[in-house]
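Residue numbering restarts at 1 for every chain, and letters A, B, ... go by the order of the sequence lines.
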Amino acid sequence: MILPGAIHLQHTLESGQVFHWDRQPDGSWAGLADAMPARVREVDGHLAVEQGSPDSIARFFALDHDLESIHKNFPDEPLSRAALEYCGNLRIIRQPLWECMATFITSSMKQVSHIRGMSLAIRHRFGWMPDGACVPAYPSFSSLALAGEQDLRACGLGYRAGNLLATARLLDSGAVNLEKISRLRTPALRKVLTTLPGIGVKVANCILLFAYGRLDSVPIDTWIHRLLLVMRAGRPGTASQLARYARRRLGPSAGYVQQYLFHHARALKRLHGAKFTLDSRPRG
DNA sequence: GGCCAGGAACGTT
DNA sequence: AACGTTCATGGC
């Protein structure tokens with residue numbers, strides 16, 4: 001079954017927004033959607049469902065996002081245009097709230113490949129295997145709330161283990177309900193998210209963008225920080241100044257632009273080994 | 001071996 | 001409010 005809505009699966013699944021999908025030897029991609037096994041393939045720039053629920057898969061891959069309109073709103077600026085040319089039809093997907101939150105709590109000061117490794121270790125140790133799946137489902141916050149910190153550290157989390165455990169326990173206690181707060185407007189939602197252990201502004205913006213579908217949210221990591229400085233011709237700024245600049249400069253779907261910039265920049269580094277001539281890592 | 005990675009928390013000015 | 005430090009782990 002071919003679903004409507006253009007998509008580039010490799011750009012979408014290997015751009016550091018989700019960490020459990022795997023390309024199979026036959027070229028299809030295997031993962032989970034709504035905790036159900038899913039296998040999909042890109043056919044003619046569209047998504048073909050080979051296993052799983054088409055409705056769940058369409059929702060997970062956010063095939064309802066109007067890519068043409070989003071692309072039309074990309075800023076008229078060289079870096080954004082180059083990124084759009086490189087990875088058009090990359091989609092920002094709609095992830096389960098807790099799974100997205102948990103993986104990005106573990107993301108701080110880790111490379112994308114490490115985040116993937118930690119996520120898989122947690123799935124194997126604490127998760128469960130749905131019938132016919134290739135990878136275990138991510139454990140619920142209630143399951144992780146029962147884990148010991150040492151068991152989490154054994155998954156390679158280091159100091160992040162305490163934060164993941166504390167947030168899992170908070171959610172399990174009912175102090176915060178991830179579904180209920182989804183009715184809040186973005187700034188209020190961001191504020192609630194940043195009260196949780198291990199979630200600062202950057203991780204909150206990842207959750208807002210990749211799970212809550214707030215497409216104007218811009219996570220500013222080391223890569224985006226450097227790119228914004230290049231756009232500003234090297235003019236430095238505080239974190240909040242750069243955030244304001246990004247919102248204004250990247251337009252109404254700033255989160256989408258951000259993801260294309262991030263993915264393109266990382267692809268260039270893999271090809272050429274170099275980053276940018278302006279060196280200025282974010283501090284604090 | 002030094003350096004850096006999709007940062008956050010906390011202390012000091 | 002703006003900086004500095006510290007926090008584990010792994011790859012190059």
Side-chain angles (χ1 to χ4, degrees), chain A residues 11-20 83 87 90 92-93 95 99-122 125 148-168 170 190-211 214 217-229 236-244 246 250 254-276 278-284:
Chain A
H11 287 328
T12 298
L13 291 172
E14 292 188 345
S15 61
Q17 54 175 329
V18 64
F19 303 95
H20 73 275
C87 51
L90 184 168
I92 289 189
I93 64 179
Q95 296 184 50
E99 179 178 325
C100 178
M101 170 176 287
T103 55
F104 278 99
I105 284 176
T106 67
S107 74
S108 89
M109 295 301 289
K110 278 288 187 186
Q111 293 185 344
V112 169
S113 61
H114 299 160
I115 303 169
R116 179 183 176 86
M118 292 184 290
S119 168
L120 291 178
I122 290 174
R125 187 177 278 246
E149 182 169 337
Q150 289 312 312
D151 295 323
L152 275 177
R153 281 181 181 255
C155 299
L157 295 193
Y159 63 89
R160 305 158 191 82
N163 288 330
L164 182 58
L165 190 55
T167 291
L170 259 174
R190 182 181 292 113
K191 200 157 202 169
V192 174
L193 293 176
T194 54
T195 65
L196 297 170
I199 302 182
V201 174
K202 189 269 172 183
V203 168
N205 280 327
C206 287
I207 301 166
L208 286 166
L209 181 60
F210 302 138
R214 308 300 170 94
S217 296
V218 182
I220 300 181
D221 73 321
T222 57
W223 291 87
I224 299 299
H225 182 98
R226 280 188 289 256
L227 282 168
L228 289 174
L229 289 187
T238 66
S240 68
Q241 284 174 322
L242 287 179
R244 229 179 312 121
L250 302 186
Y256 250 97
V257 181
Q258 171 276 148
Q259 192 64 12
Y260 281 44
L261 289 171
F262 176 80
H263 185 53
H264 185 221
R266 289 183 10 111
L268 285 183
K269 165 144 194 231
R270 286 194 294 276
L271 278 178
H272 301 95
K275 289 192 182 172
F276 314 107
L278 289 171
D279 178 29
S280 29
R281 298 186 53 240
R283 301 289 171 187

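Comparing Thr194(A) and Ile115(A) along DNA chain B, the residue whose closest nucleotide (by nearest heavy atom) sits nearer the 5' end is Ile115(A).
Between Lys269(A) atom NZ and dC3(B) atom C1' the separation is 11 Å, expressed in whole Å.
Screening Gln258(A), Arg214(A), Arg190(A) against Asn205(A) for a side-chain hydrogen bond (donor to acceptor under 3.5 Å, both in side chains) leaves a single residue, Arg190(A). For the side chain to side chain contact (heavy atoms under 4.5 Å, CB included) with Gln17(A), the lone residue among Leu209(A), Leu90(A), Thr103(A), Val112(A) that qualifies is Leu90(A).
Between dC4(B) and dA8(C), the two C1' atoms lie 14 Å apart (nearest whole Å).
Applying the ring-ring contact (aromatic ring centres under 6.0 Å, His included) rule to Phe104(A) yields the partners Phe19(A), Phe210(A); only residues at least two apart in sequence or on another chain are considered.
Among the atoms of the strands shown, base atoms are found under 4.0 Å from some heavy atom of Gly16(A). Heavy atoms of Ser15(A) sit under 4.0 angstrom from at least one base atom. As judged by a 4.0 angstrom heavy-atom cut-off over every strand, Leu261(A) is placed among residues making no nucleic acid contact. Base contact: Phe210(A) has a heavy atom under 4.0 Å from a base atom.
Residues Pro197(A) and Leu170(A) meet the side-chain proximity criterion, which asks for heavy atoms closer than 4.5 Å.
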List every contact pair, protein side and nucleotides 9-12 of chain C side both N or O, where the distance is under 3.5 Å.
from: dT9(C); atom 1: O2; to: Lys110(A); atom 2: NZ; distance (Å): 3.0

